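Working notes, structure below.
In each ligand, atom 1 is the first atom listed, and ligand 1 is the first ligand listed. For the numbers below, each heavy atom of this structure counts, side chains included, while hydrogens, waters and symmetry mates do not. Nothing here was measured: the structure is a model prediction, and the numbers come from that model.
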Amino acid sequence: MKVFDKIADVQNEIAQLRKQGKTIGLVPTMGALHEGHLSLVKRCVAENDVCIVDAFVNPTQFNNKTDYDKYPRTVEADAKLLEGAGAAIAWFPTESDIYPEPDTRVFNLGPLAEVMEGPARPGHFNGVAQVLTRLFDIIKPDRAYFGEKDFQQLAIVRELVKNYNIPVQIVGCPIVREADGLALSSRNMRLSADERKHALRISKALFESLKKMDTMSVAEVRKWVCDEINSEPCLEVEYFEISNSLTLQPVENWSDAENIVGCITVYCGEVRLIDNIQYKKA
Ligand code: AMP
């Protein structure tokens with residue numbers, strides 16, 4: 001595996017690989033890698049001649065300075081994990097390389113960005129669009145891999161490449177969970193042992209809510225999930241929306257859409273955790 005930080009070096013390498021006719025897959029991450037990220041990397045390795053993983057804590061997508069400052073950074077461990085997962089290139093860009101000048105671009109991401117994380121984290125998706133368009137422009141990957149853990153982000157990335165005619169195939173990958181059900185997240189590292197125990201209630205409530213679809217309305221399930229989680233110490237639901245999986249607009253009835261997703265954000269102490277569940281009709 002080759003490790004780079006400078007854009008020029010990474011582009012040089014890619015130019016050589018392109019000359020040899022190799023296909024290139026990109027896995028964009030913010031580092032602090034875990035098995036969730038590695039599932040994307042392994043899929044990327046399997047489907048492309050070359051897998052590039054970048055790890056960059058993108059400042060423009062953080063609307064909260066403390067969250068940015070406290071975001072875990074584990075470069076050496078990340079490089080080892082990437083090597084083990086079969087990545088060909090690990091790229092750890094510097095901020096001044098990605099943003100030689102402040103990025104003032106404003107992206108039109110439409111109604112998908114106006115719900116859930118949109119109002120909860122103003123500017124977040126614009127920052128995601130800024131960094132991804134830079135990464136896509138620098139690497140020009142054939143495919144790019146994203147996790148369904150960030151369900152809204154995946155939908156917005158698909159919209160971004162469609163609206164801005166970016167020639168990359170977006171591949172979505174299922175959520176990877178701990179054995180007990182907690183969705184893997186770099187932010188889990190920040191949980192105390194006690195918080196970690198309470199955090200389990202999030203995925204438990206989501207899974208249990210699947211069984212309530214036959215007897216409860218959408219509004220009732222929504223309230224039930226929020227009450228379950230809020231009754232657990234340390235946990236506070238920021239939002240829980242039950243929505244059409246394609247438009248991300250809230251549904252009123254289980255019959256309103258073919259595919260329905262429940263997206264949740266919960267504060268566990270000071271750590272902001274997200275998760276989601278697909279509501280499948282029997
Ligand atoms: P992050 O480093 O948190 O920005 O995540 C980088 C990519 O990994 C994003 O596409 C995430 O959706 C994906 N990812 C993070 N956690 C998981 C997980 N538990 N399962 C699947 N994908 C994940």
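Every atom of ligand 1 with a heavy atom of Phe146 under 4.0 Å away is listed here by number and element: 10 (O). Of all the atoms in ligand 1, the ones that sit under 4.0 Å from a non-hydrogen atom of Pro28 are 6 (C), 7 (C). Distances below 4.0 Å separate heavy atoms of Leu40 from the following atoms of ligand 1: 7 (C), 8 (O), 10 (O), 13 (C), 22 (N). Against a heavy-atom cut-off of under 4.0 Å, Ile175 is close to the following atoms of ligand 1: 20 (N), 21 (C).
In this structure, Arg121 does not pair ionically with Glu238, as no charged nitrogen and carboxylate oxygen lie closer than 4.0 Å. Note on Asp180 versus Arg196: salt bridge recorded, some NZ/NE/NH1/NH2 to OD/OE distance being below 4.0 Å. No salt bridge links Asp103 with Arg134; every basic N to acidic carboxylate O contact stays at or beyond 4.0 Å. Between Asp67 and Lys70 there is no salt bridge, since no side-chain nitrogen of the basic residue lies less than 4.0 Å from a carboxylate oxygen of the acidic one.
Under the rule for a salt bridge (charged side-chain N to carboxylate O under 4.0 Å, His left out), the partners of Arg18 that lie at least two apart in sequence or sit in another chain are Asp142.
Summary of contacts: the protein heavy atom closest to atom 12 (O) of ligand 1 is Asp150 OD1, 2.6 Å. Looking from atom 20 (N) of ligand 1 to the surrounding protein, the closest heavy atom is Val176 N, 2.9 Å. When only non-hydrogen protein atoms are considered, atom 21 (C) of ligand 1 lies nearest to Pro174 O, 3.4 Å. Regarding atom 4 (O) of ligand 1, its nearest protein heavy-atom neighbour is Met30 CG, 3.7 Å. Scanning all protein heavy atoms for the shortest distance to atom 1 (P) of ligand 1 gives His37 NE2, 3.6 Å. Summary of contacts: the protein heavy atom closest to atom 23 (C) of ligand 1 is Lys149 CB, 4.0 Å.
Listed for the Asp227 side chain is no donor-acceptor partner under 3.5 Å among the backbone atoms of Ile229. Counting only distance, with no hydrogens or angles, the side chain of Asn244 and the backbone of Ala257 share no donor-acceptor pair below 3.5 Å. Between the side chain of Arg222 and the main chain of Glu241, no donor-acceptor pair closer than 3.5 Å is present. In terms of modelled atom types and a separation under 3.5 Å, the side chain of Gln130 and the main chain of Arg105 share a donor-acceptor contact.
In this structure, Tyr71 is part of the shell of residues with a heavy atom less than 4.0 angstrom from ligand 1. The shortest separation from a heavy atom of Ala55 to ligand 1 is not under 4.0 Å, leaving the residue out of contact. By the 4.0 Å heavy-atom criterion, His34 is counted among the residues contacting ligand 1.
Using cut-offs of 30° and 60° for the angle between ring planes, the Phe56 and Tyr99 rings count as tilted.
Note: an N/O pair closer than 3.5 Å links Leu184 and ligand 1 by distance alone.
The closest heavy-atom contact to atom 22 (N) of ligand 1, among the options Gly31, Gly147, Ser39, Gly172, comes from Gly147.
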